[in-house]
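Both counts, for ligands and for their atoms, begin at 1 and track the order of listing. Keep in mind the model is a prediction, meaning the values are calculated, not measured.
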Amino acid sequence: MITAISQSTQPGTLPDWRQGLRDAVTDAHELLALVGLPELANRLPAADAGFALKVTRSFIRRMRRRDPRDPLLLQVLPVLAELDEVPGFTDDAVGDLDAIEGHGVLHKYQGRALLIAAGSCAVNCRYCFRRHFPYAEELAAGHAWYEALKCLKADPSIGEVILSGGDPLVLSTKKLKDFTDGLRDVPQVTRLRIHSRLPVVLPERIDAAFCTWLAELPLQRVVVIHANHANELDATVAAACARMQAAGITLFNQSVLLRGVNDSADALVDLSERLFAIGVLPYYLHQLDRVRGTAHFEVPDARARELAHAMRSRLPGFLVPRLVREVAGEDSKHPL
Ligand SMILES: *Cc1c(COP(=O)(O)O)cnc(C)c1O
Ligand code: SF4
């Protein structure tokens, strides 16, 4: 049984993650049938608002059947509200377009450079800033990585490289290794950080080859997983995290505060507790980037602060994520 196999902490026996990626559901009717909600079909937007539905079967298996308010379903199902034009919600809400230096390199913060390593993801999250980002032109993968490495080499202030995207882990381990091989000529870089949702939405991605690549890197390694709700973190995700820990990786989580998904003290406390139970520390809780088509997910700042206060009063300090918002032009994430 695939579920039993992918719960293994031994990476040798996992299903092929590329197959899991290819098998992702891209048809809303199929998704609704799988979760037992075919009657919701008449509430789907006629067009996909320029951002296709995409979700792994692994993630769908963690959704509750016949629950139109399931917190995982709400993150991936297109809804009519995405078509609303809401003032203040724009295409480049975080100012990334101004910060791109070379091929896919974003250098906004001191000491850290972020690489747009891939243009796609294993899931399309409806709240994502990526909805409107012109990734096709900003790929750091493949040939452009050579240019990205040149860009890093030329800047001695950069000690940490962050692979982001899109999702860097949709790239083959071979491609990732080619890049880190190139980093050998960039001695000032001592830390590699990967931001990815694949450990959550496609945990079999954390396979033997991936763990070996990271274990053997002569760099400090950090993986920031992206989970928004405790229900995302089933035994297969726990096993993937255990495999990464065994490879010497420090694990953090980053979430987005999302109306209807995790905007309650109970949901946020459960998420932090569940993360720690699988060896992951909460890092950031992001206020939504004000991206066109996502206004229905927004939680007002006052409510966000209330929730942060509730978390502080119910959790040890190390399980309280920093509540931040990304503000264009600032030199760090902006604490709320
Ligand atoms: C968020 C972000 C980082 C990382 O910021 P940390 O506070 O170190 O997590 C780096 N570069 C860019 C462009 C970012 O958006
Ligand atoms: S970049 Fe992250 S939030 Fe956006 S679609 Fe990809 S996995 Fe989802």
Please confirm whether the backbone N or O of [Y] pairs with a side-chain atom of [X], one donor and one acceptor, at under 3.5 Å?
X	Y	result
Arg274	Leu233	yes
Asn262	Val256	yes
Arg126	Gln75	no
Gln188	Leu152	yes
Thr294	Phe297	no

I'd like the name of whichever of Gly166, Pro168, Cys125, Ser164 reaches closest to atom 3 (S) of ligand 2 through any heavy atom. Cys125
Just to be sure I'm reading this right: ignoring hydrogens, which of Leu115, Asp331, Ile162, Val224 gets closest to atom 4 (C) of ligand 1? Compare them by their nearest heavy atoms. Ile162
So is there a nitrogen or oxygen of Tyr109 less than 3.5 Å from a nitrogen or oxygen in ligand 1? no
Is Arg193 close to ligand 1, meaning an N/O of one under 3.5 Å from an N/O of the other? yes
Just to check, does Glu326 reach to within less than 4.0 Å of ligand 1 when the distance is taken from its heavy atoms?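 Heavy atoms of Glu326 do come under 4.0 Å of ligand 1.
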Of the side chain and backbone of His107, name the one, both, or neither that has a heavy atom under 4.0 Å from an atom of ligand 1.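 The answer is neither.
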Mark up the atoms of ligand 1 that fall under 4.0 Å of a heavy atom belonging to [X], in ascending order.
X	answer
Tyr284	6 (P), 7 (O), 9 (O)
Tyr283	6 (P), 7 (O), 8 (O), 9 (O)
Arg112	5 (O), 6 (P), 7 (O), 8 (O)

Any idea which heavy atoms bring Gly279 and Leu251 closest together, and the distance? O-CB, 3.9 Å
Under a 4.0 Å heavy-atom limit, does Cys121 contact ligand 2 with its side chain, its backbone, both, or neither? side chain
Can you name the atoms of ligand 2, numbered from 1 with element, that are less than 4.0 Å from a heavy atom of Arg197? 7 (S)
Taking the six-membered ring for Trp, are the ring centroids of Phe318 and Phe276 within less than 6.0 Å of each other? yes
Which of these, Leu258, Leu257, Val261, Leu288, sits in a side chain to side chain contact (heavy atoms under 4.5 Å, CB included) with Val299? Leu257
